[in-house]
Undergrad: 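Take a look at the following structure, please.
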Amino acid sequence: MSSFAESVDAGRELLEEYGRVPPEDVISHVLAVYQKAINHADVYPCVTNYRFLRPLITEHPLYHETILPRLLATTITDPNAKTKPPPQTILDMGCCFGQDLRALAYAGVPGASLYGVDLHPEYLSLGYALYRDSHIIPSANMIAGDIFDAAGPFDVLKGKMDMIHIISFLHLFSYEDQVKACTRMVQFLRPLTETDTELDGPLIFGRQTGSIDPGTRIRELSDGKRTELFIHSAATFERLWKEVGELTGTRWRVIVVEEPIKKNNRGRVSNVFEPLETVRILVFSVVRVEPRKGGGFFMSCLRR
């Protein structure tokens with residue numbers, strides 16, 4: 001579990017330098033937003049554990065060498081370049097307050113390139129309240145909707161995203177629903193082009209709770225109902241994307257590393273607990289490829 005003080009320290013620079021919150025007001029500002037979030041009818045674990053203050057996208061192995069450079073490419077002036085590359089876009093799926101998008105904006109990524117989706121519009125609004133940046137990230141880019149709703153408000157995303165970031169999201173659903181969610185996300189990505197390589201093609205990346213003992217778990221909801229979720233190992237996560245590829249007529253190179261839990265004595269997924277002996281963090285990248293595409297760049301990054 002993250003302590004409040006640790007989480008505030010982790011998010012302080014972003015709040016002060018990006019959100020322009022005076023240092024002496026950071027704690028009271030965070031608590032005011034937190035109080036609104038904790039009273040929501042569907043309180044996320046990242047709220048109760050204060051993890052909404054900690055951007056984790058910067059810790060992904062591909063962040064510094066691939067993800068951020070791609071997003072910054074159009075902001076760098078090259079006097080020798082005849083044309084500018086088209087702007088890259090990224091979607092944070094299940095973004096809650098959108099703290100990872102704010103970390104990208106703070107790093108210099110244009111707000112117009114940043115998109116977020118969450119089930120609850122209240123969390124998207126609280127993200128703007130927390131970071132005071134409605135002038136940077138367009139409100140039209142922050143979309144409230146259910147990824148399982150075929151009539152959801154996602155037309156603006158279809159075929160437009162270069163990258164999708166998913167963190168602590170897929171493990172909330174059954175295996176069957178994970179297939180549906182991933183199939184929908186494939187629709188959000190732009191098509192693969194003839195010139196794409198592993199370094200600049202459509203990419204899905206992130207992290208989630210996993211286990212060396214994969215399988216279905218029963219989740220107890222706050223209203224007393226029970227639902228299923230599926231916890232992956234590296235092998236079952238690869239199988240998931242093979243199935244998604246077959247359903248969508250696409251091919252994916254899946255690289256996933258199982259990392260042990262270092263600090264907590266057990267991993268938590270909503271209100272389902274995984275024992276220390278079996279719980280792992282899955283750090284992954286899923287890049288669209290054609291059969292002829294090759295290379296080991298992503299694997300080398302993830303295994304460093």
Side-chain angles (χ1 to χ4, degrees), residues 40-49 51 56 91-96 116-120 123 143-154 157-158 164-189 204-250 252 254-259 261 264 266-275 277-286:
H40 194 279
D42 182 12
V43 183
Y44 295 168
C46 69
V47 173
T48 57
N49 292 339
R51 292 199 311 270
L56 292 177
L91 169 65
D92 192 5
M93 194 70 222
C95 64
C96 192
V117 167
D118 198 87
L119 180 62
H120 298 297
Y123 286 128
I143 301 166
D146 184 347
I147 195 171
F148 302 111
D149 181 2
F154 301 121
L157 303 175
K158 289 182 179 178
I164 297 178
H165 178 235
I166 46 177
I167 184 167
S168 300
F169 178 71
L170 288 176
H171 63 210
L172 299 175
F173 309 112
S174 68
Y175 185 89
E176 292 75 16
D177 280 347
Q178 290 181 35
V179 171
K180 294 176 184 177
C182 291
T183 299
R184 193 75 183 276
M185 284 188 279
V186 168
Q187 297 172 0
F188 298 159
L189 287 168
I204 295 174
F205 69 98
R207 59 192 288 147
Q208 65 186 52
T209 299
S211 175
I212 59 173
D213 180 26
T216 297
R217 310 290 193 264
I218 301 300
R219 178 187 180 196
E220 298 284 350
L221 302 179
S222 57
D223 59 5
K225 295 181 180 178
R226 295 156 61 90
T227 187
E228 288 186 0
L229 53 84
F230 190 92
I231 303 298
H232 283 282
S233 66
T236 62
F237 193 76
E238 291 182 23
R239 187 186 79 193
L240 169 72
W241 280 98
K242 182 177 180 181
E243 185 171 342
V244 171
E246 292 171 350
L247 289 171
T248 58
T250 56
W252 303 87
V254 180
I255 300 164
V256 55
V257 175
E258 297 176 345
E259 294 185 350
I261 297 290
N264 297 349
R266 55 182 173 175
R268 181 169 183 170
V269 185
S270 185
N271 49 354
V272 174
F273 288 91
E274 292 291 312
E277 295 76 17
T278 58
V279 69
R280 296 292 185 271
I281 298 297
L282 303 186
V283 181
F284 58 85
S285 68
V286 185

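This one's a predicted model, so the numbers in the text were calculated from it and none came from an experiment. The first residue in the sequence is number 1, and the count goes up from there.
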Undergrad: Indicate the ring-plane relationship of Phe284 and Phe237, choosing parallel, tilted or perpendicular according to the 30° and 60° boundaries.
TA: tilted
Undergrad: Kindly indicate whether the side chain of Thr236, heavy atoms from C-beta on, has any atom under 4.5 Å from the side chain of Pro214.
TA: yes
Undergrad: Would you say the side chain of Val286 lies within less than 4.5 Å of the side chain of Val244, judging by non-hydrogen atoms?
TA: no
Undergrad: Quick one: CD1 on Ile147 to CD on Gln187, what's the gap to the nearest 0.5 Å?
TA: 9.0 Å
Undergrad: As an exercise, state the distance from CZ of Arg219 to NZ of Lys225, rounded to the nearest 0.5 Å.
TA: 12.5 Å
Undergrad: Treating Arg51 as the side-chain partner and Leu56 as the backbone partner, does any N or O pair qualify as donor plus acceptor under 3.5 Å?
TA: no
Undergrad: Considering all heavy atoms of both residues, which atom of Met185 and which atom of Leu170 are nearest to each other, and what is their separation?
TA: CE-CD2, 4.1 Å
Undergrad: Please report the interatomic distance CG(Leu91) to CG(Leu157), rounded to the nearest 0.5 Å.
TA: 5.5 Å
Undergrad: Side chains of Ile212 and Ser233: does their closest heavy-atom pair fall under 4.5 Å?
TA: no
Undergrad: Less than 4.5 Å apart, any side-chain heavy atom of Tyr123 and any of His40?
TA: yes
Undergrad: Distance-only, no hydrogens or angles: does the Gln178 side chain make a donor-acceptor pair with backbone N or O of Phe173 under 3.5 Å?
TA: yes
Undergrad: Can you name the nearest heavy-atom pair linking Cys95 to Asp118, along with the distance?
TA: N-OD1, 3.6 Å
Undergrad: Is Arg239 close enough and on-axis enough to Tyr175, meaning under 6.0 Å and within 45°, for cation-pi?
TA: yes
Undergrad: I want to check something: taking the side chain as every heavy atom from C-beta on, are Thr209 and Val279 in contact at a cut-off of under 4.5 Å?
TA: yes
Undergrad: Can you tell me how far CE of Met93 sits from CD1 of Ile166, rounded to the nearest 0.5 angstrom?
TA: 9.0 Å
Undergrad: From Gln208 CD over to Arg280 CZ, what is the distance, rounded to the nearest 0.5 angstrom?
TA: 15.0 Å
Undergrad: Please examine the side chains of Val256 and Val283, heavy atoms only from C-beta on, and report whether any two atoms are closer than 4.5 Å.
TA: no
Undergrad: Tell me whether the centres of the aromatic rings in His165 and Phe205 are closer together than 6.0 Å.
TA: yes
Undergrad: Using 0.5 Å steps for rounding, measure from the CG atom of Asp92 to the CD1 atom of Ile164.
TA: 10.5 Å
Undergrad: Partners of Glu228 by side chain to side chain donor-acceptor pair (under 3.5 Å), sequence neighbours excluded?
TA: none
Undergrad: For a 4.5 angstrom cut-off between non-hydrogen side-chain atoms, does Asp177 reach Val179?
TA: no
Undergrad: Identify whether the distance between the nearest side-chain nitrogen and carboxylate oxygen of Arg217 and Glu274 falls below 4.0 Å.
TA: yes
Undergrad: Under a plain distance cut-off of 3.5 Å, with no hydrogens placed, do Asn49 and Tyr44 share a side-chain donor-acceptor pair?
TA: no
Undergrad: With sequence neighbours left out, write down each residue that passes ring pair (Phe, Tyr, Trp, His ring centres under 6.0 Å) with Phe154, or none if nothing qualifies.
TA: Phe188
Undergrad: Is any side-chain heavy atom of Leu240 less than 4.5 Å from a side-chain heavy atom of Cys182?
TA: yes
Undergrad: Not counting sequence neighbours, which residues clear salt bridge (Lys or Arg N to Asp or Glu O under 4.0 Å) with Lys242? List them please.
TA: none
Undergrad: Using modelled atom types and a 3.5 Å cut-off, is there a donor and acceptor pairing between side-chain atoms of Glu258 and backbone atoms of Ala234?
TA: yes
Undergrad: Looking only at side-chain N and O atoms, does Glu238 offer a donor or acceptor that is under 3.5 Å from a partner on His232?
TA: no
Undergrad: Over all heavy atoms of both residues, which pair between Cys46 and Cys96 is shortest? Give the atoms and the distance, please.
TA: SG-SG, 3.6 Å
